[in-house]
Amino acid sequence: MRQSPFRRVLVPVVTATLLLAPSPALAAPPPPFRDPALPVAARIDDLLSRLTADEKISLLHQYQPAIPRLGIGVFKTGTEALHGVAWSTDYDNNGAVVKADGTVFPQAVGLASTWDPALVKQVGAAVGQEARGFNARNPTLWGLNLWAPVVNLLRDPRWGRNEEGYSEDPHLTGALATAYGRGIQGDDPRYLQAAPTLKHYLAYNNEVSRDTSNSSVPPKILHDYDEQAFKIPLEAGAANAVMPSYNLVNGRPNTVSPDLGGALRKWAPQDIAVVSDAGAPSNLVNSEKYYATKAEADAAAIKAGLDSFTDNDTNGAITVAAVKEALERGLLTMADVEKADRHLLSLRFRLGEFDPPGRNPYAKITPAVINSPAHQALARKAADEQVVLLRNNANALPLSAAAGRKVAVVGPLSDTLYEDWYSGAMPYRVTPKQGIAERAAVTSSEGVDRIALKDLGTGRYLTAPATAGKVTAGGTTAGTPESFDVYDWGAGKNTLRAAANGKFLSFSGGALVNDADQPSGWFVQQQLKLDPQPDGSYVLEYAGNEVNEPWFGPNRFAAVGADGVLTISAPDAAHATKFGREVLSSGISSAVDAARGADTAVVVVGSMPFINGREANDRTSTSLAPAQRALIEAVAKANPHTVVVVENSYPTTGWDTLPVPAIVWTSHAGQETGHAVADVLFGDVDPGGRLTQTWYASDEGLPSILDYDISKTGMTYQYYRGKPLYPFGYGLSYTSFRYGPTRASLAGSSVRVSVDVTNTGARAGTDVVQLYSKDSGVQRLRDFERVTLAPHQTRTVQFSVPVADLAAWDPARGRSVVTAGFREFSVGRNAVDLGAAQRVFVPGERALPRDLSRSTPAENFDDYSGITLTDTAKTSGTSVAAAAGNWVAYRNVALNGPARFSASVSTVEPSSVTVRLDSPTGPVLGTAQVPSTGDRYAYTTVTAALAKATGRHDVYLTFDGPVNLATFSLR
């Protein structure tokens with residue numbers, strides 16, 4: 001039995017006199033830190049004064065141990081709560097994950113598709129209540145610092161964690177994160193219901209090499225785009241903590257970003273804590289090799305602003321030892337430790353931990369709130385609102401609810417609901433088939449093939465036991481034990497469900513066993529490939545996530561041993577057992593049979609959240625699985641009135657060529673998914689959901705997922721110049737809307753915009769009215785309002801945009817600036833379907849030419865080719881990292897005959913920097929030779945005489961070899 005991380009405190013033997021209960025008159029008053037009448041800062045001061053050095057250091061780990069002598073209990077940062085309380089790492093140090101059985105709301109991308117901050121706040125409030133309920137059930141396991149929401153912007157649909165975020169747009173993301181965070185916090189002016197944590201700071205959208213990849217982001221994109229999703233909820237006071245991401249930004253790991261103790265805390269009106277992602281502090285030494293020792297790494301993280309170390313699971317001893325070593329070596333002071341402790345204790349005080357009973361209203365919450373009827377109703381409402389109608393030709397929807405109507409509900413997702421990595425355990429499940437069956441007579445088929453696999457060497461069939469166990473090659477005929485249902489998830493990946501017990505095959509200790517309710521787990525060990533061979537046979541290839549780990553070993557193909565047990569034991573197809581694949585029943589034929597006699601066929605397809613991209617695994621394609629596409633085409637041919645429900649958590653391609661009249665999208669929307677699908681299909685709910693990402697026409701043309709400069713790559717609606725399959729903000733209704741002319745004017749310090757919206761149809765409906773601005777060719781969402789209108793009702797929708805919100809990063813000034821000039825404002829139904837733009841003059845600062853006579857950060861360029869951005873020093877600063885043939889440009893520079901170029905540079909190889917005018921090959925003003933400085937962090941100053949130049953010019957710096965350029969000037 002492993003030792004609990006919460007070490008027992010041995011109470012020493014005391015004299016009988018001390019054991020006598022004191023009289024009330026002699027009872028010592030509570031210490032000041034327990035006095036709620038005192039300011040929180042004073043209470044923290046008092047508590048810190050009572051802690052020993054060891055106790056102060058112990059608070060830095062995720063699992064803060066109890067301090068019995070002061071009556072202080074354990075405290076843990078981090079309970080997952082992305083769309084409901086999800087899971088928590090088991091505190092007994094066995095590595096287990098304990099899933100919550102609370103209300104499972106739609107995935108975050110689904111919640112965002114409602115475009116309804118008020119609803120999202122209600123969901124956040126329910127999640128905060130249930131977090132209190134779980135905390136009351138087990139305060140050691142379920143902490144009140146919740147790790148949600150995720151506000152990373154969804155700039156690339158291939159990101160494996162797309163389902164966890166809200167939107168590709170910072171304004172929409174910020175508004176929804178603010179709503180969710182405020183809901184979690186509760187509305188009490190003094191106490192927090194629970195403490196939300198924004199994840200993951202910053203510029204994190206790839207899983208491939210996520211702990212070592214560098215997000216090279218020009219300052220304009222960094223400040224105007226990536227930072228805004230965090231800045232908005234922090235400035236609104238809707239978050240109490242922030243988690244830095246694993247990746248590097250401009251060469252520096254986010255775990256030691258100076259923003260942790262700088263920008264983040266400047267944005268927040270109240271104290272916040274900064275908590276690391278799991279294992280990130282150790283990455284600084286291990287995978288990233290940014291520091292040589294853990295003492296140096298932990299010291300740097302604390303000095304940068306990290307407060308809580310989520311490292312080494314529940315074992316805080318390693319962090320404690322590293323911090324102690326850092327103190328001994330003078331890398332840290334106890335004041336640094338206390339500063340971090342203050343941020344963490346501030347959370348605990350606001351959660352009411354140290355106040356007398358009865359003071360904190362949230363302390364009265366009991367486990368009875370968990371999956372309460374009210375929360376179930378809210379889950380259904382949220383699932384209803386997030387559904388997006390993508391196509392509705394000839395009013396194929398809504399379906400008739402007339403008696404006697406027959407609906408075929410087919411497809412691999414028709415009668416199941418899947419959880420994702422950040423889902424709780426659904427307390428009940430309403431599948432699409434079940435939801436539709438409440439309204440119509442249903443015929444059904446999952447539309448998957450049932451097969452048998454015969455060992456061609458022995459003639460024996462693979463056989464699964466009736467209870468979970470090892471699969472063997474033992475059957476002589478293809479009966480139920482020899483039958484397996486094949487699910488195709490695309491990219492060649494399949495799952496096999498044993499007909500013997502309805503469980504999926506999993507890799508376990510070498511053998512394949514039928515023991516999984518659904519694909520799940522960190523390594524998703526239910527993934528298999530049925531690889532066709534040239535001779536017409538098949539081999540089974542294991543495709544679990546861990547095959548990419550260096551420790552996995554060479555064997556990933558299945559072979560039947562002498563004992564008949566099927567194991568993953570062959571290094572390649574040549575050494576694997578060859579099988580014959582016998583189709584016992586065709587999934588397409590079964591679905592077609594169900595659809596042929598129905599009034600409507602509903603085909604439910606989509607993704608498996610543990611397979612089609614997730615944490616640690618990006619997608620290589622956004623196209624629909626081939627078997628699912630074939631199923632839709634076959635059913636549509638058999639029944640022209642075919643409706644497709646696509647249930648997934650990222651944009652998918654290919655819908656423009658599918659021959660069906662209606663397409664509906666839903667996220668994996670939790671326990672009420674089936675009711676929501678039925679509510680929309682039958683018209684009880686008007687589909688008011690809208691897309692929060694651009695749906696591109698195909699994967700072709702998408703840039704590298706590692707390229708974060710969306711202005712260069714043309715990603716998101718802000719910069720995309722092609723024709724999208726479906727634009728950002730898109731969604732249809734069962735009614736029609738007319739937008740009047742946009743009216744826009746300056747009113748004091750805001751731009752006022754209004755538009756009349758009329759429901760021109762015969763039924764009530766919901767639309768999302770969207771306001772966009774355009775400046776220098778860049779389009780941005782500025783505001784939105786979800787409106788529900790009765791038939792023929794008109795409503796005037798009004799927006800007010802503070803002029804200050806129109807600020808944009810000015811590379812020449814190195815700060816955000818509202819530049820005086822005209823802005824265009826448009827209102828419409830999505831980023832493409834907009835009314836005529838109205839121009840409004842906005843007061844602000846004058847546009848000025850660049851002045852390069854001052855020391856200029858090289859990162860503040862206007863354009864570039866080939867360069868990346870890197871860290872000037874490990875603590876702060878950003879430099880241009882160039883190679884031969886690269887260049888950077890600085891536009892509209894006022895030159896007054898500068899005589900000398902001066903630059904701060906580093907390089908390990910001799911190189912040169914050339915100053916040119918007006919193009920990368922333009923006239924040369926001068927060239928500075930750069931000698932080797934011996935180390936990338938060792939900077940020196942180089943100079944060069946310049947030819948005389950005057951007037952306005954674009955200045956280009958071109959590079960003839962590797963150079964890190966921090967600053968430069970032309971004087």
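The residues of the chain are indexed from 1 along the displayed sequence. As the structure is a prediction and not an experimental result, all values here were calculated from the model.
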>> Give me each pair satisfying ring-ring contact (aromatic ring centres under 6.0 Å, His included) with a member in residues 888-934, each pair once, sequence neighbours excluded.
In response: Y890-F968
> Under the ring-ring contact (aromatic ring centres under 6.0 Å, His included) rule, what pairs show up with a residue in residues 938-966, not counting sequence neighbours?
Replying inline: W887-Y956
For this output row, return yes or no: ring centroids of [X] and [Y] closer than 6.0 angstrom.
X: W159; Y: Y204; value: yes
X: F861; Y: Y864; value: yes
X: Y720; Y: Y696; value: yes
X: W551; Y: F523; value: yes

Any Lys/Arg nitrogen of [X] or [Y] sitting under 4.0 Å from an Asp/Glu carboxylate oxygen of the other?
X: K712; Y: D863; result: yes
X: K339; Y: D336; result: no
X: E615; Y: R161; result: yes
X: K294; Y: E325; result: no
X: D862; Y: K220; result: no
X: K324; Y: D298; result: no
X: D954; Y: R891; result: yes
X: R823; Y: D775; result: yes
X: E338; Y: R342; result: no
X: D224; Y: R780; result: yes

>> Please determine whether side chain to side chain contact (heavy atoms under 4.5 Å, CB included) holds for the pair R850 and T856, giving the CA-CA distance in whole Å, both sets of side-chain angles, and the decisive distance to 0.1 Å.
In response: CA-CA 10 Å; R850 268 192 184 267; T856 300; 4.2 Å; yes
> Can you tell me how far the CG atom of L781 sits from the OG atom of S773, to the nearest 0.5 Å?
Replying inline: 9.0 Å
Would you check if there is a donor-acceptor pair between the side chains of [Y] and [X] at a distance under 3.5 Å?
X: T875; Y: R252; answer: no
X: N964; Y: S879; answer: no
X: D851; Y: S853; answer: yes
X: S213; Y: N206; answer: yes
X: S287; Y: T212; answer: no
X: T927; Y: T914; answer: yes
X: S911; Y: D960; answer: no
X: T940; Y: T933; answer: no

> Cation over ring, R158 on Y650, under 6.0 Å and within 45°?
Replying inline: no
> Given R265 and V274, is the side chain to side chain contact (heavy atoms under 4.5 Å, CB included) satisfied, shown in steps?
Replying inline: CA-CA 10 Å; R265 291 193 163 105; V274 178; 3.6 Å; yes
Is any side-chain heavy atom of [X] less than 4.5 Å from a side-chain heavy atom of [Y]?
X: Y246; Y: E207; result: no
X: F230; Y: E235; result: no
X: I302; Y: L60; result: yes
X: I221; Y: Y719; result: yes
X: V275; Y: Q62; result: no
X: Y201; Y: M243; result: no

> Which pairs with one or both residues in residues 803-814 pass side-chain hydrogen bond (donor to acceptor under 3.5 Å, both in side chains), sequence neighbours excluded?
Replying inline: D810-R813, R813-E845
> Can you check side-chain hydrogen bond (donor to acceptor under 3.5 Å, both in side chains) on N250 and T878, steps first, answer last?
Replying inline: CA-CA 7 Å; N250 296 341; T878 300; 4.6 Å; no
>> For the CD atom on E549, are there more than 12 heavy atoms of other groups (residues, nucleotides or ligands in this structure) within a distance under 6.0 Å?
In response: yes
>> Working note: V242 + I272, criterion side chain to side chain contact (heavy atoms under 4.5 Å, CB included); need CA distance, chi angles, decisive distance, verdict.
In response: CA-CA 8 Å; V242 176; I272 62 169; 4.2 Å; yes
>> Has T907 got a side-chain atom pairing as donor or acceptor with P910's backbone, closer than 3.5 angstrom?
In response: no
